[in-house]
Enquirer: 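Starting off with a structure, shown below.
We count ligands from 1, going down the list as the structure has it; atoms in each ligand are counted the same way.
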Amino acid sequence: MSRKQDAALPRVAVVGAGSWGTTFGKVLADGGAHVTMWARRPELATEINEAKRNSGYLPGVNLPRTMSASHHLSEALEGAEQIYLSIPSQAVRENLKAVRALVSMSDVPIVSLMKGVERRTGLRMSQVIEQELACDPMRIAVASGPNLALEIAREQPTAAVISSTSQETAEAVARRARNRYFRTFVNTDVIGTEFGGVLKNLIAVAIGIVDGVGYGENTKASIITRGLVEMTDFAVAQGAEPETLQGLAGLGDLIATCQSPLSRNNTAGRLLGQGLSLADVVKQMNQTAEGLASVAPILQLAREAGVAMPIVEQVKRVLDGTMDPREIAPHLTTDDDEPQGERTQNGQAGGGGALWRSLQRTLDQFRNGGRRAPRDQS
Ligand SMILES: NC(=O)c1ccc[n+]([C@@H]2O[C@H](COP(=O)([O-])OP(=O)(O)OC[C@H]3O[C@@H](n4cnc5c(N)ncnc54)[C@H](O)[C@@H]3O)[C@@H](O)[C@H]2O)c1
Ligand SMILES: O=P(O)(O)OC[C@H](O)CO
């Protein structure tokens, strides 16, 4: 490609050149954009520029010529029509402060590729972006789905969902972030899409624990199925649409993350199940396992909303070292012996708990003159 042809390409920026940031950069470049990555380490920027490789995160993967990188944020963001963020959730706020100085006056879409909540505040990444960039939420989008980075970097066919409260923003991002091996769908349920990605990580840690302990498929299938009920109950209580949790960002991602050894959350769980302490697991992991930091804030939000999350509760106990991993089960052993309805912890069959809360929220909105209750606003 000549310099002139390259200059004519739409320009996008990806902040964070780890496993997912680099893979998403490749998705965008293979979809026809010129992508500039921001890499924290100068030597990684040099490797991407000169060797068209990111060998530490994506061994054996060649990056397109239309991908470049810079160690300087201002250079990476210059001229970008869309900005994608892919750094660990706990580091997002501090990094956005630097981004804000460079983009606060522009109206480019900001897209979160992250699947965690902020430990201190329990906020979703789109909420942290809205706070730190002081921007219109309709400018913010999130991407989620069954998206194990290395499989996509190897160009295996995959689907994802792009969500924004603005249909227009979701579509603009989905048009840019697609190519022959990566298909993007859209929705406007940001709460459900983000929580789907956060919550499946927690269930994947539980499945890793099961693997580490050596239990088999019945235990895993039971935890995955009950885990989806927990995910749905929690997300709906926060304002999500139940259907979103049945889609790519919920069930789809739950399947991929729970069954793949590529998953860092699953791997962290397996090490815990083999008897390692949380501190030792963190030492061994050289990539981000978001679930480990999200457990406590999710359980706090669940308590506030009155949602029972027995599986996530057990993950917390294993992380805290207060439960033997071999006791992991689809239910809390301290649960009373009364039979429960299958679909929810509240004993209401047919998804009654999640749907009932959804109905209650709609009624609350009517009572509030059409406004959502404050916790439901994205
Ligand atoms: N890897 C995947 O398959 C995948 C897929 C979908 C979503 N995600 C999500 O993407 C996000 C990023 O994950 P990843 O897989 O790229 O993680 P990673 O560990 O591979 O890379 C993280 C990147 O962030 C950088 N970083 C670490 N601490 C930082 C800090 N304090 N400030 C700035 N940069 C920092 C690292 O240098 C690295 O480049 C996570 O929220 C993850 O859940 C990952
Ligand atoms: O490696 P994990 O556990 O962070 O999972 C990666 C992606 O979120 C799978 O969709």
Enquirer: Does any non-hydrogen side-chain atom of Leu199 lie less than 4.5 Å from one of Met309?
Expert: yes
Enquirer: Decide yes or no on salt bridge (charged side-chain N to carboxylate O under 4.0 Å, His left out) for Arg154 and Glu151, but give the supporting numbers first.
Expert: CA-CA 5 Å; Arg154 290 175 179 155; Glu151 291 185 5; over 6 Å; no
Enquirer: Are Arg176 and Pro10 close enough that some pair of their side-chain heavy atoms sits under 4.5 Å apart?
Expert: yes
Enquirer: Check ligand 1 against Ala91 and write out every atom of the ligand that is under 4.0 Å from a heavy-atom position of the residue.
Expert: 30 (C), 31 (N), 32 (N)
Enquirer: Pick whichever of Gln287, Arg264, Glu151 has a heavy atom sitting closest to atom 15 (O) of ligand 1.
Expert: Arg264
Enquirer: Answer whether the closest heavy-atom distance between the side chains of Tyr57 and Gln287 falls below 4.5 Å.
Expert: yes
Enquirer: Going by the atom numbers of ligand 1, which of them fall below 4.0 Å from some non-hydrogen atom of Asn95?
Expert: 30 (C), 32 (N), 33 (C)
Enquirer: Please work out whether any backbone atom (N, CA, C, O) or any side-chain heavy atom from C-beta onward of Ser19 is under 4.0 Å from ligand 1, and answer side chain, backbone, both or neither.
Expert: both
Enquirer: Give the residue, atom name and distance (to 0.1 Å) of the protein heavy atom nearest atom 5 (C) of ligand 1.
Expert: Asn147 O, 2.9 Å
Enquirer: List ligand 1 atoms under 4.0 Å from Ala149, heavy atoms only on the residue side.
Expert: 1 (N), 2 (C), 3 (O)
Enquirer: At less than 4.0 angstrom from any non-hydrogen atom of Pro146, what atoms of ligand 2 do you find?
Expert: 10 (O)
Enquirer: For Val190, does its backbone N or O pair with a side-chain atom of Ser163 as donor and acceptor, under 3.5 Å?
Expert: yes
Enquirer: Is it the case that ligand 2 has an N or O less than 3.5 angstrom from some N or O of Arg264?
Expert: yes
Enquirer: Judged on heavy-atom distance to atom 37 (O) of ligand 1, which of Arg40, Lys115, Gln90 sits nearest?
Expert: Arg40
Enquirer: For a 4.5 angstrom cut-off between non-hydrogen side-chain atoms, does Val111 reach Leu113?
Expert: yes
Enquirer: For atom 19 (O) of ligand 1, what is the nearest protein heavy atom, given as residue, atom name and distance?
Expert: Thr288 OG1, 2.7 Å
Enquirer: Among all the protein's non-hydrogen atoms, which is closest to atom 38 (C) of ligand 1, and how far away is it?
Expert: Tyr57 OH, 3.4 Å
Enquirer: Could you tell me the residue and atom name of the protein heavy atom closest to atom 8 (N) of ligand 1, and the distance to it rounded to 0.1 Å?
Expert: Trp20 CD1, 3.3 Å
Enquirer: Quick test of your reading of the structure: of Ala153, Ala143, Gly18, whose heavy atom lies closest to atom 39 (O) of ligand 1?
Expert: Gly18
Enquirer: Looking only at heavy atoms, is any part of Glu94 under 4.0 Å from ligand 1, and if so is it the side chain, the backbone, or both, or is it neither?
Expert: side chain
Enquirer: Classify the contact between Leu148 and ligand 1 as side chain, backbone, both or neither, using a heavy-atom distance cut-off of under 4.0 Å.
Expert: backbone
Enquirer: Could you tell me whether Lys115 approaches ligand 2 through its side chain, its backbone, both or neither, with non-hydrogen atoms closer than 4.0 Å?
Expert: side chain
Enquirer: Any salt bridge linking Arg11 with Glu81? Criterion: basic side-chain nitrogen under 4.0 Å from a carboxylate oxygen.
Expert: no
Enquirer: Among all protein heavy atoms, pick out the one at the shortest distance from atom 24 (O) of ligand 1; state its residue, atom name and that distance to 0.1 Å.
Expert: Pro88 CD, 3.2 Å
Enquirer: Met114 heavy atoms, cut-off 4.0 Å: which ligand 1 atoms fall inside?
Expert: 11 (C), 41 (O)
Enquirer: Closer than 4.0 Å to some heavy atom of Gly145 - which atoms of ligand 2 meet that?
Expert: 10 (O)
Enquirer: Within the 3.5 Å criterion, strictly below it, is a donor on Ser89 or Glu290 matched to an acceptor on the partner's side chain?
Expert: yes
Enquirer: Counting heavy atoms only, which of Met114, Lys200, Glu290 is nearest atom 8 (O) of ligand 2?
Expert: Lys200
Enquirer: Should Asp136 and Arg139 be marked as a salt bridge (charged side-chain N to carboxylate O under 4.0 Å, His left out) after you check the CA-CA gap, both sets of side-chain angles, and the distance that decides it?
Expert: CA-CA 6 Å; Asp136 182 347; Arg139 236 178 85 192; over 6 Å; no
Enquirer: Just to be sure I read this right, does ligand 2 sit under 4.0 Å from the backbone of Asn265, its side chain, both, or neither, counting only heavy atoms?
Expert: both
Enquirer: Around atom 12 (C) of ligand 1, find the nearest protein heavy atom and jot down its residue, atom name and distance.
Expert: Ser86 OG, 3.5 Å
Enquirer: Can a donor-acceptor pair be found between the side chains of Thr257 and Asp253 at a distance below 3.5 Å?
Expert: yes
Enquirer: Under 3.5 Å, is there a donor on one side chain and an acceptor on the other for Ser126 and Glu194?
Expert: yes
Enquirer: Under 4.0 Å from ligand 1, counting heavy atoms only, is it the side chain of Glu290, its backbone, both or neither?
Expert: side chain
Enquirer: Tell me whether the count of non-hydrogen atoms from other residues, nucleotides or ligands lying under 6.0 Å of NZ in Lys220 goes above 12.
Expert: yes
Enquirer: Quick one: which ligand 2 atoms are inside 4.0 Å of a heavy atom on Asn147?
Expert: 7 (C), 9 (C), 10 (O)
Enquirer: Any non-hydrogen side-chain atom of Asn62 less than 4.5 Å from a side-chain atom of Arg53?
Expert: yes
Enquirer: Is Glu155 salt-bridged to Arg180, going by a charged N under 4.0 Å from an acidic O?
Expert: yes
Enquirer: Taking atom CZ of Arg303 as the centre, report whether more than 12 heavy atoms of other residues, nucleotides or ligands fall under 6.0 Å from it.
Expert: yes
Enquirer: Number the atoms of ligand 1 from 1 as they appear, then name those within less than 4.0 Å of a heavy atom of Leu113, with their elements.
Expert: 7 (C), 8 (N), 9 (C), 10 (O)
Enquirer: At a 4.0 Å threshold, what atoms of ligand 2 neighbour a non-hydrogen atom of Asp253?
Expert: 9 (C), 10 (O)
